[in-house]
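In what follows, a structure is listed as structure tokens, so that the remarks can point back to it.
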Amino acid sequence: MLKATLRSFLAHKGRLALSALAVVLSVAFVAGSLIFSDTVARTFDRLFASTSADVTVEPKKDLKSGAPSGAVRTVPAALRDRVAKVDGVAAAHADVSVPYVVVVDRHDRSVGPTSGAPTIATSWYVTRRSPVKLTSGHAPHGAGEALLDADTAGKRHVRIGDTLRVQAQPGSFPVRVVGIATFTTTNPGSALVFLDPAVAGRELLGSADRATGISVDAAPGVTDRELERRVGEAIGPGPYDLKTADERAKSAAADLGGFLDVIKWVMLGFAGIAVLVGVFLIVNTFSMLIAQRTRELGLLRALGADRRQVRRSVLTEAVLLGVTGSTLGLAAGIGLAFGLIRLMGAFGMNLKATEMVIGWGTPVAAYAVGVGVTFVAAYLPARRAAGVSPMAALADAEVAGVGKPLKARAITGTLVGAAGAAALAGCATASRTGSAASFLGLGVVLTLVATVIGGPLLVRPVIRVLGGAFPALFGPVGRMSQRNALRNPRRTGATAAALMVGLALVGGMSVASASMSASFDRQIDKTLGADFTVQNANFMPFTREITDRVRGTEGVRLVVRQRFAPVAVRLPDGRRVTTTAAGYDSRLDQVAHVTCAAGNTAAALADGGLGMDSAFARDHGVRLGSTVTVGFPGGRTARMTVGALTDQDGSGGFGTQGGLFLGIAAVEKYVPGGQDAALYVDKAPGTGADALRARLERNLKPYPQVQVRDQADYKKLVHDQIAVLLYLVYALLGLAIVIAVLGVVNTLALSVVERTREIGLLRAIGLGRRQLRRMIRLESVVIAVFGAVLGLGLGLVWGVCVQRVLALQGMTALAIPWGTIVAVVVGSAVVGIVAALLPALRASRMNVLAAIAHE
């Protein structure tokens with residue numbers, strides 16, 4: 001049996017190649033994502049471990065904010081002198097390091113990275129752990145001198161002697177580049193500007209008495225943990241966090257983990273799609289191979305092979321396929337990881353491909369996925385093979401189960417579909433986002449399973465409609481192509497299911513993204529009353545100089561500032577919610593149309609006032625006039641009275657959990673040193689919008705990080721952000737279509753082999769080569785369009801349910817992108833034509849007499 005199995009596998013290796021390719025793709029994405037994330041993590045672990053001081057004293061981070069306030073947390077610079085006197089301290093340095101500054105050249109062009117990585121201005125001093133070394137020029141001395149990292153200098157063509165302008169929170173100041181520093185470790189992609197420590201605090205923080213942290217080096221023989229204890233005792237309790245080198249490295253790695261998780265889960269999403277679609281392909285391939293080997297399997301049974309041996313033989317072939325595909329997929333995954341490492345280098349993160357990490361878990365995961373998928377997918381065909389009787393060796397019988405009625409599928413599919421429909425109905429009627437999302441996830445899984453199970457039941461009624469015009473348009477060839485697609489509903493359903501999965505995903509996400517765009521458009525039209533909005537390109541805060549420039553522009557009547565602050569709100573139901581509050585100037589109503597369910601914005605923006613989303617307030621027992629305790633960074637707290645409950649058509653009213661907003665004076669009081677995140681600008685009477693825009697852009701030319709946007713620009717910005725998610729879905733769709741095309745090619749190729757004698761007879765009675773190719777192409781088109789119809793129908797239902805979940809967050813508009821739907825259907829027909837090219841060509845080249853004699 002083993003010899004027979006190996007010979008059978010080698011005899012059909014061409015037919016199995018396309019199935020193996022599906023395994024290769026899925027394994028490649030799994031292995032590539034693991035190798036890449038492990039390599040990045042190991043690289044940065046080494047970076048953090050080699051550059052962290054033995055002990056670091058930093059400001060306590062008591063609140064995390066989703067939207068940055070622009071304020072820099074600091075410690076007294078004099079703390080360095082106290083720490084330096086501690087027994088066991090070899091050296092102590094007051095650090096000044098400020099992220100997200102802006103550096104521009106003399107042409108007002110940013111010299112920072114374009115990848116989203118920050119530009120960091122920091123104080124210059126050299127230790128054995130310095131991540132850079134001075135390679136040309138000299139160290140900065142006094143005000144007006146700076147070093148620039150070599151990578152940034154090379155990309156932006158900055159040379160020693162050039163003048164740059166640094167925009168920090170206290171204001172802008174010019175510097176002359178007096179030296180170039182080169183990274184001795186991995187460059188994380190940031191741009192670094194180094195200043196003289198004597199002036200860094202004054203220029204970057206507004207005071208020479210402040211620092212962002214204290215770095216401490218241990219004397220020989222003193223452990224980091226012991227030094228941390230001694231320093232903690234010396235400085236006493238206070239708003240400080242003390243961390244050893246290991247703790248700081250782990251903290252930095254944890255912060256990086258969010259970025260790595262995004263990449264890992266995106267790639268694993270591709271792997272999941274490849275696995276799911278590959279399962280259908282493998283099931284279909286093995287089912288058809290077994291159908292063609294009915295006589296061979298019957299002979300094995302007649303010679304004494306029992307059911308278990310036949311089943312084991314088929315599963316052995318599947319395992320061999322899985323091992324081969326996994327091995328090739330692992331190699332492809334290494335290549336994919338290498339490509340990602342090079343791609344990150346193009347974005348400024350210089351990883352070394354020679355330090356690629358391939359942990360033991362990567363090959364284990366690769367072979368578990370590859371072998372597991374093929375084994376599971378081949379199990380059902382293997383059971384069918386075991387059911388072949390010895391009498392099948394004497395007759396041209398089909399595999400047991402292929403011709404059976406679809407009653408079991410009908411019952412199972414109906415039950416699962418009913419459960420899925422009930423879950424989706426629960427999603428549509430739920431009143432809480434969490435429960436609606438749970439119902440949605442369950443409904444999506446169940447309806448997908450039900451459609452896969454019940455797909456063969458829909459083949460005959462749907463394909464009779466889709467191919468109904470074929471006889472009239474193409475005559476007998478069209479009628480035969482339609483009947484070929486109807487011949488085996490199980491096979492047609494399984495082939496179409498691979499395409500259906502991808503198109504259901506794209507249909508659902510297209511509806512969701514179109515609905516989000518329409519909801520935001522409605523929200524912007526309804527709430528944004530300002531003529532222009534001034535914002536940073538990446539929504540980071542900007543310096544006060546920009547606000548002053550906007551206010552000083554001729555033709556500006558009103559400027560309303562927006563500023564964010566991290567807060568923790570103690571609510572009447574006992575919960576403490578950490579979120580972000582927005583601060584506004586008192587004349588917010590003149591640039592925004594805020595709909596209040598109770599109270600008004602004037603009361604919310606008054607001293608001691610607070611605004612809140614009405615749904616959030618209702619969930620937590622807050623009423624108009626309720627008093628809540630609001631905590632700010634640094635342990636500051638305030639008792640505030642709810643003066644407005646808003647009822648906005650947007651996420652939380654103001655884009656954050658709870659929709660909290662208050663007067664900007666309170667933000668300035670409790671979060672000093674913050675920066676504005678946006679400016680809402682109204683033109684003066686008699687000033688044209690185009691004229692004011694031109695003046696604003698001219699005045700803001702020295703600040704390339706900010707843009708002037710009107711309502712149309714703002715809508716486009718939102719659409720572009722939503723499109724990023726949609727592009728990811730389209731990429732997933734592309735992968736699914738590639739594998740689905742392989743499935744259609746495989747099915748048609750095996751079908752041609754299966755129908756060799758039939759094709760020979762058709763050719764003998766006058767069917768031309770062109771007619772034969774057309775027949776196979778039409779069969780492929782109707783199968784592909786059938787999969788598209790099922791997928792898009794399912795996707796539209798999912799999309800509507802996703803919109804109901806979004807509606808609970810205020811995004812109430814439902815939009816169906818009919819243009820996308822029609823384009824996908826047309827594209828599916830094209831996919832069917834492309835998939836049929838090779839099988840049709842092969843069929844048309846058959847020798848007629850040899851085909852008739854084929855058994």
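Only this structure's heavy atoms are used, side chains among them; waters, hydrogens and symmetry mates stay out.
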### Query
Is it true that Asp108 and Arg165 make a salt bridge, defined as a side-chain N closer than 4.0 Å to a carboxylate O?
yes
### Query
What's the shortest heavy-atom distance between Val802 and Ala512, and which atoms?
CG1-CB, 3.6 Å
### Summary
One should read off an interatomic distance between Gln590 CD and Thr601 OG1, to the nearest 0.5 angstrom, of 10.0 Å
### Query
What do you reckon, is CG of Asp690 surrounded by more than 12 foreign heavy atoms closer than 6.0 Å?
no
### Query
After noting the C-alpha distance and the side-chain angles of Gln535 and Gln562, does the key distance pass the side chain to side chain donor-acceptor pair (under 3.5 Å) rule?
CA-CA 10 Å; Gln535 277 182 313; Gln562 180 189 54; 4.8 Å; no
### Task
Examine distances only and state if a side-chain atom of Arg551 and a backbone atom of Val559 form a donor-acceptor pair shorter than 3.5 Å.
no
### Query
Taking atom CD1 of Ile821 and atom CH2 of Trp818, what is their separation to the nearest 0.5 Å?
7.0 Å
### Task
Can you measure from OG (Ser614) to CG (Leu624) and round to the nearest 0.5 angstrom?
11.5 Å
### Message
Could you check whether Glu545 pairs with Arg549 (Lys NZ or Arg NE/NH1/NH2 to Asp/Glu carboxylate O, under 4.0 Å)?
### Response
no
### Query
Any chance CD of Glu554 has more than 12 other-residue heavy atoms, nucleotides or ligands included, within less than 6.0 Å?
no
### Query
So how far is it from Thr74 OG1 to Asp95 CG, rounded to the nearest 0.5 Å?
13.0 Å
### Query
So which heavy atom on Asn536 is nearest to which on Pro541, and how close?
ND2-O, 3.8 Å
### Message
How long is the straight-line distance from OG of Ser510 back to CG of Leu505, given to the nearest 0.5 Å?
### Response
9.0 Å
### Query
Under 4.5 Å between any side-chain heavy atoms of Phe542 and Tyr703, yes or no?
no
### Heavy-atom pair with the smallest gap, counting every atom of Val667 and Ala565
CG1-CB, 4.0 Å
#### Entry: Residues Arg544, Asp676: salt bridge by 4.0 Å N-O rule
no
### Query
Tyr670 vs Phe632 aromatic rings, parallel, tilted or perpendicular, using cut-offs 30° and 60°?
parallel
### Message
With salt bridge (charged side-chain N to carboxylate O under 4.0 Å, His left out) as the criterion, how do Lys669 and Asp607 come out once you've worked through the C-alpha distance, each side chain's angles and the decisive distance to 0.1 Å?
### Response
CA-CA 11 Å; Lys669 176 181 178 181; Asp607 186 28; 5.7 Å; no
### Message
With a sphere of 6.0 Å drawn around CZ of Arg623, does it hold more than 12 non-hydrogen atoms of other residues, nucleotides or ligands?
### Response
no
### Task
Could you tell me whether a side-chain N or O of Gln707 sits under 3.5 Å from a main-chain N or O of Glu697, the two making a donor and an acceptor?
no
### Query
Closest approach of Leu792 and Gly507, non-hydrogen atoms and distance?
CD2-CA, 4.3 Å
### Task
Tell me, yes or no, whether the heavy-atom count around Arg636 atom CZ, taken from other residues, nucleotides or ligands under 6.0 Å, exceeds 12.
yes
### Message
Has Asp585 got a side-chain atom pairing as donor or acceptor with Arg561's backbone, closer than 3.5 angstrom?
### Response
yes
### Message
Does the structure place the NZ or CZ of Arg202 under 6.0 Å from the centre of the six-membered ring of Phe173, at an angle of no more than 45° from the ring's axis?
### Response
no
### Message
When you compare the side chain of Val681 with that of Thr533, does any pair of heavy atoms fall below 4.5 Å?
### Response
no
#### Entry: Electrostatic pair Glu668:Arg563 at N-O distance under 4.0 angstrom
yes
### Query
Just wondering, do Pro76 and Asp209 contact through their side chains at under 4.5 Å, heavy atoms?
no
### Query
Do you know which two heavy atoms are closest between Ser515 and Ala813, and how far apart they sit?
CB-O, 3.2 Å
#### Entry: Pairwise side-chain contact, Thr163 with Arg106, heavy-atom cut-off 4.5 Å (strictly under)
no
### Message
Take a 6.0 Å sphere around CZ of Arg432 and say whether it holds more than 12 heavy atoms from other residues, nucleotides or ligands.
### Response
no
### Candidate pair Asp241 and Lys60, rule salt bridge (charged side-chain N to carboxylate O under 4.0 Å, His left out), full reasoning
CA-CA 5 Å; Asp241 275 335; Lys60 188 180 291 294; 3.4 Å; yes
### Query
Closest heavy-atom contact between Ser123 and Ala94?
OG-O, 4.0 Å
### Query
Does some side-chain heavy atom of Leu679 sit less than 4.5 Å from a side-chain heavy atom of Thr547?
yes
### Short side-chain to backbone donor-acceptor contact, Gln803 and Thr812, under 3.5 Å
yes
#### Entry: Any donor-acceptor N or O pair under 3.5 Å, side chains Thr629, Arg570
no
### Query
Can you check whether Lys683's main-chain N or O pairs, donor with acceptor, with Asp531's side chain at less than 3.5 Å?
yes
### Task
To the nearest 0.5 angstrom, please state how far the CG atom of Leu440 sits from the CH2 atom of Trp798.
9.5 Å
### Query
Considering only heavy atoms from C-beta outward, does the side chain of Ile120 approach that of Ser97 to under 4.5 Å?
yes
### Query
Cut-off 3.5 Å, side chains only: do Asp647 and Thr595 have a donor facing an acceptor?
no
### Message
Is there a side-chain contact between Leu424 and Phe439 in this structure, where contact means two heavy atoms from C-beta onward sitting under 4.5 Å apart?
### Response
no
### Query
Between Arg156 (side chain) and Gly112 (backbone), is there a donor-acceptor pair under 3.5 Å?
yes
### Query
Quick one: does Thr122's side chain have a donor or acceptor within less than 3.5 Å of a partner on Val96's backbone?
yes
### Message
Assess the residue pair Leu645 and Asp613 against the criterion (side chain to side chain contact (heavy atoms under 4.5 Å, CB included)); give the C-alpha distance rounded to whole Å, side-chain angles, the decisive distance to 0.1 Å, and a yes or no.
### Response
CA-CA 5 Å; Leu645 297 176; Asp613 177 63; over 6 Å; no
### Query
Does Leu696 offer a backbone N or O that forms a donor-acceptor pair with the side chain of Asn699 under 3.5 Å?
no
### Task
Could you walk me through whether Thr119 and Tyr100 pass side chain to side chain contact (heavy atoms under 4.5 Å, CB included), step by step?
CA-CA 5 Å; Thr119 298; Tyr100 298 106; over 6 Å; no
### Task
Test side chain to side chain contact (heavy atoms under 4.5 Å, CB included) on Val72 and Thr212 and set out the steps.
CA-CA 8 Å; Val72 180; Thr212 56; 3.8 Å; yes
### Message
When you compare the side chain of Ser190 with that of Pro113, does any pair of heavy atoms fall below 4.5 Å?
### Response
no
#### Entry: side chain to side chain contact (heavy atoms under 4.5 Å, CB included) assessment of Arg575 paired with His620
CA-CA 8 Å; Arg575 289 192 59 192; His620 295 284; 3.3 Å; yes
### Message
Treating Ser513 as the side-chain partner and Met509 as the backbone partner, does any N or O pair qualify as donor plus acceptor under 3.5 Å?
### Response
yes
### Task
Decide, yes or no, whether a salt bridge links Asp720 with Lys715 under the criterion of side-chain N to carboxylate O below 4.0 Å.
no
